[in-house]
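Everything below concerns the one structure shown next.
None of the values given here were measured: they were computed from a predicted structure.
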Amino acid sequence: MPTLVALVVAMAVLLPGPAAADPIHADATVEQYFHLQWEATAGARGAEIAGYVENVSDLPVDRMRLLVERLDASGAVMGSTTTWVMGSVAAHHRNYFTTRVPSAPAYRVRILTFDWSNCRD
């Protein structure tokens, strides 16, 4: 048994894992299953990003997190923040999201993470 444990530990240490910069998912794959509609507005309490994420897949998703990047005039990322899409996003439905953000010339919103749900509609 100690030999098996040592072997597993050695494999975990020696086998290459994904590089830190490697994406967990391909953007094209995410775009196949989800559509994002959003707009940036200047509200009384500051800039805000609000919109919908539509799940066009046949499976519901939970714990969806979005990445909101602040872009300068040339399109370079100045900073970023994340926000949650509240609740489960049922298959073939959409959920609303909103978050306050620091002011910027432009923004980019992308799906950062999500979990496929085990339950059906």
Distance in Å, Arg108 CZ paired with Leu67 CG, rounded so as to fall on 0.5 Å steps: 8.0 Å
Approximate separation, where rounding is to 0.5 Å, of Ile49 CD1 and Thr99 OG1: 8.5 Å
Rounded distance (nearest 0.5 Å) linking atom CE of Met64 with atom OG of Ser88: 10.5 Å
With Tyr107 via ring-ring contact (aromatic ring centres under 6.0 Å, His included) - residues at least two apart: none
Considering all heavy atoms, the nearest Arg94-Glu54 contact: CB-CA, 3.7 Å
Within one Ile-Leu-Val-Met-Phe-Trp-Tyr cluster: Met86 and Trp116, side-chain cutoff 4.5 Å: no
N/O donor-acceptor pair under 3.5 Å between Thr41 side chain and Gly43 backbone: no
Same cluster (ILVMFWY, side-chain, under 4.5 Å), Tyr52 and Ile111: no
Arg110 CZ to Glu69 CD distance, which is reported to the nearest 0.5 Å: 4.5 Å
Transitive ILVMFWY side-chain link Leu66 to Leu71, under 4.5 Å: no
Cluster link Trp38 to Tyr33, ILVMFWY, side chain under 4.5 Å: yes
Partner residues of Asp72 under the salt bridge (charged side-chain N to carboxylate O under 4.0 Å, His left out) criterion, sequence neighbours left out: none
Nearest-0.5 Å distance that lies between atom CG in Leu59 and atom CG in Asp115: 12.5 Å
Heavy-atom closest pair, residues Phe114 and Val30: CE2-CG2, 4.4 Å
Asn55 side chain vs Val89 backbone, donor-acceptor pair below 3.5 Å: yes
Nearest non-hydrogen partners of Ala104 and Met78, listed with the distance: CB-CE, 4.1 Å
Shortest non-hydrogen contact from His92 toward Ser57: NE2-O, 3.2 Å
